[in-house]
There are 2 protein chains.
Amino acid sequence: MKQHVDASDDRCPVEASINLIGGKWKILILYHLISDKSKRFNELQKTLSTITPRTLTRQLRELEEDRLIRRIIHPEVPPKVEYMLTDTGRSLVPILMELQNWGTNYLQNSDLDQA
Amino acid sequence: MKQHVDASDDRCPVEASINLIGGKWKILILYHLISDKSKRFNELQKTLSTITPRTLTRQLRELEEDRLIRRIIHPEVPPKVEYMLTDTGRSLVPILMELQNWGTNYLQNSDLDQA
DNA sequence: CCGCATCCAATAGGATACTG
DNA sequence: CAGTATCCTATTGGATGCGG
C-alpha cells in the first residue's frame with residue numbers, strides 16, 4: 001500500500017500540493033464535501049455516478065492519509081461512514097476556487113479558438 | 001498521439017486546470033520559465049538533471065499544445081530552440097505562488113506531526 | 001543541439017463479483 | 001451500507017540508441 005506519492009517525498013511545495021489533489025476524482029470529491037456538512041460513501045458514489053467502489057475507496061483513503069478529509073465510522077448495523085473536510089482540507093478551498101476561475105476563463109478561450 | 005487528457009474534454013474547470021499542470025515535471029518547467037526570459041532545451045534538461053530527453057520533449061509538447069508555453073525554433077546550425085511562457089501560462093503564475101504558500105505550510109505541519 | 005524511435009516498467013484506474 | 005478481492009487495461013514516464 002501507500003503506492004501513491006507522499007507529498008512530503010518531494011520538497012517542492014507546489015509539487016506537493018499538486019500530488020495531493022492530482023488524482024482523477026480528488027478535487028471532485030473535495031468539491032462535493034465543501035457545501036454539505038458531511039457525506040456518506042453511497043452519497044458520494046451516487047454523485048460521481050461513474051466511479052467504481054474500489055476507486056472511490058482508494059481516493060478517499062489517500063485524501064484521508066493526506067489529512068484533507070476525515071473519516072468517521074459509526075458502529076451501527078447497517079454500517080454508516082461519513083466523510084468531511086478537515087481544517088487542512090478546508091484551507092485548500094480558496095485555491096480550488098481560483099483554479100475554477102482560471103479554468104473557466106481558459107476553457108472559454110479554448111472555445112473561442114475553435115470558433 | 002494526444003494521449004494526455006485534453007483539458008477541454010471535461011467541462012469541470014478545476015479538473016481542466018489540474019490536467020494542464022498535473023504532469024510530473026510540468027510545474028517545475030513552468031517554474032523555471034518564470035524568472036528568465038526564455039530557456040533552451042539543454043538548459044532545461046540540465047536544470048531538471050534527472051529528466052530524460054524523451055520525457056522533457058513530451059512534457060514541453062503538451063504544455064505547448066495547451067498554450068501555456070511557446071516554442072521558438074531558430075533555423076540555425078546547430079539548432080537552437082527556445083521556450084517561454086505564453087500570456088496564458090503567465091496568468092497561471094499567481095496560482096502557482098499560492099499553491100507554493102499552501103504547500104509550504106502543509107509540509108511544515110507534516111514535519112510537526114512527525115516531531 | 002534538439003530531438004525521435006523503439007522498447008519497457010511502474011502506476012493509476014476500471015470491471016466484476018463477493019462479504020462483514 | 002460500505003466496502004474487498006481479483007483481474008485487467010490504459011496511461012505515464014524511463015532507458016537506450018539513432019538522426020537531421
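Below, read A as the first sequence line, B as the second, and so on, with proteins coming before strands; counting in each chain starts at 1.
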OP1 or OP2 of D:dA2 less than 4.0 angstrom from a side-chain nitrogen or oxygen of A:R58, does that happen here? no

Nearest-Å distance for atom pair CD/C1', residues B:Q45 and C:dC4: 14 Å

Side-chain atoms of A:W25 come closest, of D:dC1, C:dG3, C:dG13, to C:dG13

Are A:V14 and B:L28 close enough that some pair of their side-chain heavy atoms sits under 4.5 Å apart? no

Could you give the CG-to-C1' distance, from B:L48 to C:dG3, as a whole number of Å? 16 Å

Upstream residue (5' side of DNA chain C) when A:T50 and A:P79 are each assigned their closest nucleotide: A:T50

Mark yes or no for whether B:T86, through its side chain, and B:L68, through its backbone, hold a donor-acceptor pair below 3.5 Å. yes

C:dT11 OP1/OP2 closer than 4.0 Å to side-chain N/O of B:K24: no

Check the distance between C:dA12's C1' and A:I51's CD1 and give it to me in whole angstrom. 12 Å

Please confirm whether the shortest side-chain N or O distance from A:R54 to OP1 or OP2 of C:dT16 is below 4.0 Å. no

Strictly below 4.0 Å, N to O, side chains only: are A:E43 and A:K46 in salt-bridge contact? no

From CD of B:E82 over to P of C:dC2, roughly how many Å is that when rounded to an integer? 10 Å

Return no unless some side-chain N or O of B:Q59 is found under 4.0 Å from OP1 or OP2 of D:dG13. yes

Please report, rounded to the nearest Å, how far the P atom of C:dA5 is from the CZ atom of B:R61. 11 Å

Does a nitrogen or oxygen in the side chain of A:T55 sit under 4.0 Å from OP1 or OP2 of C:dG14? yes

Separation of A:L56 atom CG from D:dA2 atom C1', in whole Å? 10 Å

Connected via hydrophobic side-chain network under 4.5 Å: B:M84 and B:I34: no

Testing D:dG14, C:dC1, D:dC1 for proximity to the side chain of B:R40, the answer is C:dC1

Consider side-chain hydrogen bond (donor to acceptor under 3.5 Å, both in side chains). Of A:R40, A:K39, A:H74, which one does A:E82 pass it with? A:H74

Looking at A:Y83, I'd like to know whether one of its side-chain N or O atoms comes within less than 4.0 Å of OP1 or OP2 on D:dC1. no

So if I take every side-chain heavy atom of A:N42 and compare against C:dA15, D:dC1, D:dG3, which nucleotide ends up nearest? D:dC1

Specify the separation, in whole Å, of atom CZ of A:F41 and atom C1' of C:dT19. 14 Å

Could you check how far NZ of A:K26 sits from C1' of C:dA12, rounded to whole Å? 10 Å

Which of these nucleotides, D:dG3, C:dG3, C:dA15, is closest to any side-chain atom of A:T52? C:dA15

